[in-house]
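Report on one structure; see the data block that follows.
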Amino acid sequence: MGEVKEGLEGLRPMIDEEVRAVALAIIVIAGAAAISQAIVAGRTVEPFSALGTLGPNMKIGDYPKTVLVNETFRVYFYVENHEGKAMSYELRIKIGDNGTFINETAPADLPTVFSYYAILPNGANTTIPADLSIPAPVVNGKIIIEMWVHSSNGTWYNGRWNHLQINATLPEPVG
Amino acid sequence: MNPDKANLALAVIALLAIAGCMQHVDSRPMAPSAASPESLRAQINSVFLLLEAAEAKGANVTGAALSLNHALELVSAGGPGELEQAASVIQQVNSSIPGLVAEGESARYWGTAGLAATLAALGIAGVLVFLFMPKLVWRLWARSKRGWRVSAQ
């Protein structure tokens with residue numbers, strides 16, 4: 001009996017250490033998870049802005065293909081801010097053609113014919129109605145919508161753009 | 001000229017100059033009267049820059065930014081009533097910025113204090129678990145086995 005008791009007492013410290021280790025592991029994992037959540041909560045991991053163009057019925061794909069010169073037609077611009085901070089956007093509308101060069105770093109080298117503005121807090125979006133017109137006949141033309149940003153660092157092109165393929169024709173002479 | 005009269009003239013000129021300066025200072029806040037769309041857009045832009053700085057200091061500018069966007073929509077609408085309303089919205093947002101900054105700084109302070117308190121509580125909980133958990137676990141284990149009878153043959 002005395003030997004059994006000694007044996008059990010000899011095991012006890014080892015089991016206690018195991019329990020302690022498991023309890024500590026749980027505490028460390030739960031603590032790390034809680035702290036990381038507290039630190040990263042509300043942060044934007046991958047900031048971006050979204051730009052979309054909708055047709056007159058506020059749908060993708062019902063864009064006008066051919067319009068008359070100086071005829072006003074309506075489209076909508078959808079802007080969404082996920083930059084992690086409030087943003088002031090300017091949408092610059094330019095009229096070019098198939099030869100107009102534009103990419104994520106270089107805006108089109110054309111004059112701005114219309115500008116639309118939006119100020120959005122992080123996570124917000126807006127749809128801006130726009131009445132556009134084309135002042136001269138054009139075949140295989142492009143209405144280019146560039147997203148520019150105003151901030152304390154200045155005004156810059158943020159690399160987002162849309163374009164609509166469009167033709168503009170002169171009205172038929174009467175008679 | 002009589003020296004007294006000269007002094008009086010100088011004093012009047014000085015008063016007029018001071019009054020002129022005060023009028024200049026008073027005219028700086030944006031008046032809610034109708035202004036051109038271009039000047040209103042410029043005002044919106046300058047208020048947005050203030051808002052941006054406030055956000056960097058921890059202010060929650062969601063409502064103010066949406067108000068400025070509403071002001072932009074009013075400016076785009078372009079009617080005299082809308083322009084006047086836009087000027088009023090801009091002025092409201094501009095005057096709300098100091099309060100937003102104060103709230104943001106307070107929220108940031110309490111956020112940091114909360115994080116520190118959480119870390120301290122976790123540390124204390126770790127120590128307490130390390131010290132008392134094994135005893136508690138074995139006590140519970142022993143209590144659950146209280147009804148057992150062990151016989152040796």
Side-chain angles (χ1 to χ4, degrees), chain A residues 1 4 8 12-42 79 81 83-91 114-131 149-155, chain B residues 37-38 40-42 44-56 59-73 75-77 90 93 100 111-112 114-138 140-141 150 152:
Chain A
M1 196 68 180
V4 173
L8 283 172
R12 197 175 166 190
M14 191 182 76
I15 295 167
D16 277 359
E17 285 301 316
E18 283 174 2
V19 172
R20 280 197 176 115
V22 170
L24 270 178
I26 292 168
I27 292 281
V28 167
I29 291 166
I35 291 164
S36 64
Q37 283 301 308
I39 291 170
V40 302
V79 181
N81 173 16
E83 297 283 353
K85 58 182 183 172
M87 298 290 286
S88 174
Y89 297 104
E90 179 185 354
L91 304 182
F114 301 102
S115 280
Y116 294 90
Y117 301 88
I119 289 176
L120 295 175
N122 182 43
N125 65 66
T126 189
T127 304
I128 306 167
D131 292 319
V149 171
H150 295 281
S151 82
S152 51
N153 300 326
T155 300
Chain B
E38 289 74 24
L40 285 172
R41 279 204 189 96
I44 290 170
N45 200 35
S46 59
V47 172
F48 173 75
L49 296 182
L50 296 174
L51 219 55
E52 200 180 31
E55 192 175 32
N60 178 359
V61 301
T62 301
L66 290 172
S67 295
L68 280 187
N69 196 47
H70 179 55
L72 279 174
E73 288 167 3
V75 171
S76 294
I90 295 165
V93 172
L100 291 175
T112 308
L115 186 62
T118 307
L119 288 172
L122 276 169
I124 292 167
V127 170
L128 291 176
V129 165
F130 183 77
L131 292 176
F132 299 111
M133 194 70 163
K135 197 179 279 185
L136 182 67
V137 166
W138 288 121
L140 290 171
W141 182 84
V150 182

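FYI, side chains are in, hydrogens and waters are out, and symmetry mates aren't considered; it's all heavy atoms of this structure. Naming convention: chains lettered A, B, ... in sequence-line order (proteins, then strands); numbering from 1 in each chain.
A 4.5 Å side-chain heavy-atom check between N81(A) and Y89(A) finds at least one atom pair inside the cut-off. Under the 4.5 Å side-chain criterion, counting only non-hydrogen atoms from C-beta, E90(A) is not in contact with Y116(A). A heavy-atom distance below 4.5 Å is not found between the side chains of L91(A) and S115(A).
Residues that satisfy the side chain to side chain contact (heavy atoms under 4.5 Å, CB included) test with A65(B), not counting sequence neighbours, are A86(A), I119(A), P121(A), L51(B). N125(A) meets the side chain to side chain contact (heavy atoms under 4.5 Å, CB included) test with Y78(A), E80(A); sequence neighbours excluded.
With chain A as partner, the option from I44(B), T118(B), V129(B) having the largest number of non-hydrogen pairs under 4.5 angstrom is V129(B). Contacts with chain A were tallied for L119(B), L131(B), T62(B), V75(B); T62(B) has the most, counting heavy-atom pairs under 4.5 Å. Chain A forms more heavy-atom pairs under 4.5 Å with one residue of E73(B), H70(B), E55(B) than with any other, namely E55(B). The choice from P129(A), A30(A), S151(A), G123(A) that makes the most heavy-atom pairs within less than 4.5 Å of chain B is S151(A).
Heavy atoms of S76(B) lying under 4.5 Å from chain A are absent altogether.
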